[in-house]
Number of protein chains: 2
Amino acid sequence: MFARLCENGAVPRRINPEQRDRAVVEAAWRVLTRDGLTALSVRNVAAEAHLPPSSLRYTFPTQASVRERAVDTLVDRLRQRVAAIPEPPGGPRWAHAALLELLPLDDERRVEMEVTLALGAAAMTDPDLRSSFNSVNAVVREVCTSAAAALGSEGKVAVDHLHALIDGLAFHLVRRTHGESTEWALKVLDAYLPGGARFVAGWSDAPDESR
Amino acid sequence: MFARLCENGAVPRRINPEQRDRAVVEAAWRVLTRDGLTALSVRNVAAEAHLPPSSLRYTFPTQASVRERAVDTLVDRLRQRVAAIPEPPGGPRWAHAALLELLPLDDERRVEMEVTLALGAAAMTDPDLRSSFNSVNAVVREVCTSAAAALGSEGKVAVDHLHALIDGLAFHLVRRTHGESTEWALKVLDAYLPGGARFVAGWSDAPDESR
DNA sequence: CTCGTACTCGCACAGTCGTACGAAAACGAA
DNA sequence: TTCGTTTTCGTACGACTGTGCGAGTACGAG
């Protein structure tokens, strides 16, 4: 029966290859966020995943394939998180929740954002990676479009504005130190988004001296 | 008399060292925008500047010093461009002109933005570079603060919004291909900024199908 | 001229890079 | 068991990395 799955009568070994791939990609993310783009080498990723480099190269033949899978996983994770929002799609509560998924407000999203920035920079000069990376931007754009519509903001200009604002906020949030407050970003969204739910409870526009 | 300038009785040789440094930094920028962060090596920069690698290392002893000077030059250029704005500071026309200096609307500013993103990503994992890089963000923040004040927008939230919006627009502009129109970004600014001059002449908010 | 300093730069070392190759191991089929 | 295929991974090669060292050059001071 397994013979039907693997065309030459053989059976997959050891562990789930998907699981293995995921572990490698997560190792790549760790290397990327800890040591930066220049440290994203086959050997470093393999060591981080507790694998001999040659074993890694069986499933990831080239270093470019590691980068590519790292970007693809970025898209998967983001889509997954947005799809998991419990609120009914199309409503303002969904829009707020979806926009929050695009901001690095906790460790998980922060890591994703750091990876996005690092690989995004790499994609500027690597055509293959660039086409993969466009998918990331496309997802963000998609969410912004839906959110704008759900909040009653019509027109391309409004979507462009929201998209730029979200990416700008994410950009600034990820450049702050780990523990710092993220409330300022929520306040900006509160002040910009039309009506509906608020992110910061009981907040008035009074000036404050934080940061 | 030259002896007074060079403390040991010797005189600078060949060419102006400032000019030399500038040429090296520009070579580094070219390598960075053409081949990416991983290609920013001593040898590549030296080759781009038409210098033997060992000569480069006389003025730039380490590869880190090259990166650092590249970031510092980023700050210098930006400050210089903002200072060169002919409009009277504090007015809305100055504010508009200053904000435009922060967006990659021509080749010069586009290159600066590409370098900013690449080195910004590198600064995420390099503490030394990070402190240098904070100056870049500080200048942008400064200009946004002044511009918001000049346009009558008060409060930290308004500045945060403008800063995020500008960086977000710059982020999206630089990721488009060279020739593409940048008008959409100007329309967003037009729609957001209170009163005063307009970037896009004769523009109405009618929906358009560009992009 | 000679001398001393500022500067140039060829060369080499140790380390890391991506990748190819082939032997060994695992394991289902027979 | 033996065989065949998939998977693992040790080893090696050539290219490239940052950096140290020391010989060689340019050039003003004397």
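Just so it is clear: chains get the letters A, B, ... in the order the sequence lines come, proteins before strands, and each one is counted from 1. Note that the coordinates shown come from a computational prediction; the quantities given were computed from them, not determined experimentally.
In this structure, Leu51(B) atom CG and dC9(C) atom P are separated by 7 Å, rounded to whole Å. For the pair Leu37(A) CG and dG18(C) P, the computed distance is 11 Å after rounding to whole Å. In this entry the distance linking CZ of Phe60(A) with P of dT8(D) reads 12 Å, nearest Å. In this entry the distance linking NE2 of His50(B) with P of dT8(C) reads 17 Å, nearest Å. Straight-line distance from the CG atom of Leu40(B) to the C1' atom of dC16(D): 14 Å, rounded to whole Å. In this structure, Leu56(A) places its CG atom 15 Å from P of dT7(D), rounding to the nearest Å. Taking atom CG of Asp35(A) as the reference point, atom P of dT16(C) lies 13 Å away to the nearest angstrom. The distance between atom CD of Gln63(B) and atom C1' of dT19(D), rounded to the nearest whole Å, is 11 Å.
Classification of the His172(B)-Trp184(B) ring pair by plane angle, with boundaries at 30° and 60°, yields tilted.
Taking the charged nitrogens against the carboxylate oxygens, Arg110(A) and Asp107(A) have no contact shorter than 4.0 Å, which rules out a salt bridge. By the 4.0 Å N-to-carboxylate-O rule, Glu183(A) lies too far from Arg176(A) to be salt-bridged with it. A salt bridge links Asp21(A) to Arg69(A): at least one charged side-chain nitrogen sits closer than 4.0 Å to a carboxylate oxygen.
A sub-4.0 Å separation between OP1 or OP2 of dT16(C) and a side-chain N or O of Asn44(A) is absent. In this model, the phosphate group of dC9(C) is approached by a side-chain N or O of Ser55(B) to a distance below 4.0 Å at OP1 or OP2. Between Arg43(B) and dC16(D) there is no side-chain polar atom (N or O) within less than 4.0 angstrom of OP1 or OP2. Regarding contacts with the backbone of dC7(C), a side-chain N or O of Tyr58(B) is found under 4.0 angstrom from either OP1 or OP2. The side chain of Arg57(A) places an N or O atom within less than 4.0 Å of a non-bridging phosphate oxygen (OP1 or OP2) of dA20(C).
Each of Ser41(A) and Ser54(A) was assigned the nucleotide of DNA chain C with the nearest heavy atom; the assignment lying further toward the 5' end belongs to Ser41(A).
Side-chain contact between Leu165(B) and His161(A) is present, with heavy atoms from C-beta onward closer than 4.5 Å.
Within 4.0 Å of Thr59(A), counting heavy atoms only, lies no atom of the nucleic acid at all.
Distances were taken from every side-chain heavy atom of Pro52(A) (C-beta onward) to each of dT19(C), dG10(D), dT8(D); the shortest belongs to dG10(D).
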